[in-house]
A.B. asks: 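Below you will find the structure I want to go over with you.
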Amino acid sequence: MSLVDLPLVRLTNPDPLFPSLFILHLNNGAENRFTLQFVHELMQALDHIDHVLDTLDSTHAERGGALVTTSLGKFYSNGLAIEAAMEQGDTFYVPYMRMLARMLTLRIPTVAAINGHAFAGGCMFALAHDYRVMRADRGWIAMNEVDLGIPLIPGMAAIVKAKITHANYLRDCLLAGHRFKSSDAVAAGFIDRAVSQDELVDTALEYARALAPKASGLSQKLHLIKAEMYRDTVTMLLAGGTTPGGFMSKL
């Protein structure tokens, strides 16, 4: 059942008997590059999720809830629409980082069903989820800013460091722009499972259904646990700082 149908995103409920289970479909062209409109529509979809959660009766609320995000085709997301983002500056980066912070701390479990490549800003969006399932037979996940000649701003670096915790994998990700295929990313610990294309969304929904009770009551408890778990990252994302290495000015 379709809940929100916008030009660039669509929010659906795959099970009418479980109204707090959601799939968010990314639909910004072939590459799902992040633009200001795309970010705004994602936030509108998250607003609608909050509205649904706030209005459910107690019986449904006790089941908790969960969100899966996915897309179709070659890309989950090919990152930012970089020329527009650099031209817009804080006008783009501040809302984008707020959106990442909101995904990172959503009050229900989140699962990214990564259908294809997830590069740069698309990788960060995937990392903002609690769990990640990736297509086994196609697609890389990577932070390729080093190859693009673009330094990471503080909030973006923070979310990568929060989710890729092994020092050598983090080094390869950020300093070498390594393209992780799904099996490599599972070994590195930031993809939870690699499955076939046909199994991708169903597997993500299995995770979502299993995790949904952790949000039983649909209160802010899970939101606050995540906020404290990722306190430093959230602080960086919401601080609005967009100057890479600004703290090094006295060196």
Side-chain angles (χ1 to χ4, degrees), residues 1 3-4 9-26 42 45-71 76-77 99-115 118 122-136 141 159 162-165 182 185-231 233-234:
M1 179 175 64
L3 303 174
V4 173
V9 303
R10 184 164 59 94
L11 182 68
T12 63
N13 166 241
D15 182 355
L17 298 178
F18 197 166
S20 52
L21 180 65
F22 307 95
I23 301 178
L24 182 56
H25 307 261
L26 312 180
L42 286 166
L46 297 179
D47 286 343
H48 188 82
I49 288 172
D50 272 335
H51 172 72
V52 171
L53 300 181
D54 286 339
T55 55
L56 287 176
D57 61 51
S58 59
T59 299
H60 283 113
E62 282 305 307
R63 297 186 65 186
L67 169 66
V68 170
T69 70
T70 195
S71 189
Y76 177 73
S77 170
M99 181 273 294
L100 292 180
R102 189 167 180 190
M103 283 296 303
L104 188 65
T105 61
L106 205 67
R107 62 169 144 160
I108 55 176
T110 55
V111 186
I114 305 170
N115 55 285
C123 174
M124 288 181 273
F125 181 70
L127 293 176
H129 293 64
D130 301 320
Y131 296 85
R132 284 159 293 283
V133 179
M134 189 171 176
R135 182 174 166 181
I141 184 166
I159 198 166
K163 295 302 182 86
I164 302 179
T165 56
S182 58
V186 170
F190 64 93
I191 293 293
D192 295 283
R193 192 168 167 190
V195 298
S196 71
Q197 180 183 11
D198 291 343
E199 299 174 300
L200 182 68
V201 173
D202 285 345
T203 301
L205 285 170
E206 287 176 12
Y207 272 81
R209 289 180 183 276
L211 294 162
K214 300 302 181 184
S216 177
L218 299 176
S219 68
Q220 297 297 319
K221 65 179 181 183
L222 197 57
H223 163 70
L224 294 173
I225 289 172
K226 294 180 189 182
E228 290 299 334
M229 182 177 179
Y230 301 116
R231 176 190 282 250
T233 302
V234 174

A.B. asks: Would you compute the distance between atom CE of Met229 and atom CG of Leu224 and round it to the nearest 0.5 angstrom?
C.D. replies: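 Separation between the atoms: 14.0 Å.
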
A.B. asks: My understanding is that only one of Leu24, Leu46, Thr69, Leu42 makes a side-chain contact (heavy atoms from CB on, under 4.5 Å) with Leu11; could you say which?
C.D. replies: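 Among Leu24, Leu46, Thr69, Leu42, the one meeting side-chain contact (heavy atoms from CB on, under 4.5 Å) with Leu11 is Leu24.
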
A.B. asks: Are Asp130 and Lys163 close enough, and set up right, to give a salt bridge (Lys or Arg N to Asp or Glu O under 4.0 Å), and what steps lead you there?
C.D. replies: CA-CA 9 Å; Asp130 301 320; Lys163 295 302 182 86; 5.3 Å; no

A.B. asks: Are Leu3 and His48 side-chain neighbours, meaning at least one heavy-atom pair lies under 4.5 Å?
C.D. replies: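 Answer yes - side chains close enough.
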
A.B. asks: Using side-chain heavy atoms (C-beta onward) and a distance below 4.5 Å, is Met103 in contact with Thr110?
C.D. replies: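 Yes; the side chains approach each other to less than 4.5 Å.
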
A.B. asks: So Met99 and Phe125, do their side chains get closer than 4.5 Å, heavy atoms only?
C.D. replies: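 Result yes, sub-4.5 Å side-chain heavy-atom pair found.
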
A.B. asks: Find the distance between OG (Ser182) and CZ (Arg193) and round it off to the nearest 0.5 Å.
C.D. replies: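 So the gap between those two atoms works out to 12.5 Å.
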
A.B. asks: Asp57 and His60: side-chain donor and acceptor closer than 3.5 Å?
C.D. replies: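 Judged by distance alone, the side chains do pair up.
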
A.B. asks: What's the spacing between His223 NE2 and Leu218 CG if we round to 0.5 Å?
C.D. replies: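 Between His223 NE2 and Leu218 CG, I get 14.0 Å after rounding to 0.5 Å.
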
A.B. asks: Quiz question: by atom type and distance under 3.5 Å, do the side chains of Glu206 and Thr203 form a donor-acceptor pair?
C.D. replies: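 On atom types as modelled, these side chains do not qualify, holding no pair under 3.5 Å.
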
A.B. asks: What distance separates Glu228 CD from Thr105 OG1, expressed to the nearest 0.5 Å?
C.D. replies: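 Output value for this atom pair is 11.0 Å.
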
A.B. asks: Within the 4.5 Å heavy-atom criterion, are Ile191 and Ile114 side-chain neighbours or not?
C.D. replies: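 Counting from C-beta outward, Ile191 and Ile114 do come under 4.5 Å.
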
A.B. asks: What is the minimum heavy-atom distance between Ile141 and Phe190, and which atoms define it?
C.D. replies: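 Nearest pair, atom of Ile141 first, then Phe190: CG2-CE1, 3.7 Å.
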
A.B. asks: Within the distance-only criterion (no hydrogens, no angle test), does the side chain of Lys226 pair as donor or acceptor with the backbone N or O of Leu106 below 3.5 angstrom?
C.D. replies: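 Yes, Lys226 side chain to Leu106 backbone: donor-acceptor pair under 3.5 Å.
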
A.B. asks: Give me the atom names and distance for the closest heavy-atom approach of Pro16 to Pro19.
C.D. replies: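 Smallest heavy-atom distance, with atoms named: O-CD, 3.9 Å.
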
A.B. asks: To the closest 0.5 Å, what do you measure between CG (Leu67) and CZ (Phe22)?
C.D. replies: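 If we round to the nearest 0.5 Å, Leu67:CG and Phe22:CZ are 8.0 Å apart.
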
A.B. asks: Might you point out which heavy atoms bring Ser216 and Lys221 nearest each other, and give the distance in Å?
C.D. replies: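 Shortest heavy-atom separation between Ser216 and Lys221 comes out as O-NZ, 3.2 Å.
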
A.B. asks: Could Arg209 and Phe18 be counted as a cation-pi pair, given that NZ or CZ must be under 6.0 Å from the ring centre and within 45° of the axis?
C.D. replies: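 Judged by the rule, Arg209 and Phe18 form no cation-pi pair.
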
A.B. asks: For a 4.5 angstrom cut-off between non-hydrogen side-chain atoms, does Leu53 reach Arg107?
C.D. replies: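 Yes, their side chains come closer than 4.5 Å.
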
A.B. asks: What's the separation between atom SG in Cys123 and atom CD1 in Ile159, rounded to the nearest 0.5 Å?
C.D. replies: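 So the SG of Cys123 and the CD1 of Ile159 are separated by 9.5 Å.
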
A.B. asks: Side-chain contact, heavy-atom cut-off 4.5 Å: Val9 with His25?
C.D. replies: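 A side-chain contact under 4.5 Å is absent here.
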
A.B. asks: Tell me every residue that passes side chain to side chain contact (heavy atoms under 4.5 Å, CB included) with Ala113, counting only those two or more places apart in sequence or in another chain.
C.D. replies: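 If we apply the side chain to side chain contact (heavy atoms under 4.5 Å, CB included) test to Ala113, skipping adjacent residues, the hits are Val68, Thr70, Leu200, Ala204.
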
A.B. asks: Less than 4.5 Å apart, side chain to side chain, heavy atoms only: is that true for Val195 and Val133?
C.D. replies: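 The answer is yes; the side chains approach within 4.5 Å.
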
A.B. asks: With a 4.5 Å cut-off on side-chain heavy atoms, are Val52 and Asn13 touching?
C.D. replies: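 Not in contact.
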
A.B. asks: Leu127 and Arg132: which non-hydrogen atoms are nearest, and at how many Å?
C.D. replies: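 Heavy atoms of Leu127 and Arg132 come nearest at O-NH1, 3.4 Å.
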
A.B. asks: Go through it in stages, so that I can follow the logic: the residues are Met124 and Leu100, the test is side-chain contact (heavy atoms from CB on, under 4.5 Å), and I'd like the CA-CA distance, side-chain angles, deciding distance and then a yes or no.
C.D. replies: CA-CA 8 Å; Met124 288 181 273; Leu100 292 180; 4.3 Å; yes

A.B. asks: Within a radius of less than 6.0 Å around OH of Tyr131, do more than 12 heavy atoms belonging to other residues, nucleotides or ligands occur?
C.D. replies: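 No, because the 6.0 Å sphere around OH of Tyr131 holds 12 heavy atoms or fewer from other groups.
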
A.B. asks: To check you understand the geometry: which heavy-atom pair defines the closest contact between Ala162 and Thr233, and what is its length?
C.D. replies: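 Ala162 and Thr233 have their closest heavy atoms at CB-OG1, 3.4 Å.
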
A.B. asks: Checking side-chain contact (heavy atoms from CB on, under 4.5 Å) for the pair Leu205/Asp15: CA distance, chi angles, key distance, verdict?
C.D. replies: CA-CA 11 Å; Leu205 285 170; Asp15 182 355; over 6 Å; no

A.B. asks: Closest heavy-atom contact between Ile108 and Gly65?
C.D. replies: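 Closest pair (atom of Ile108, atom of Gly65, distance): CB-O, 3.5 Å.
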
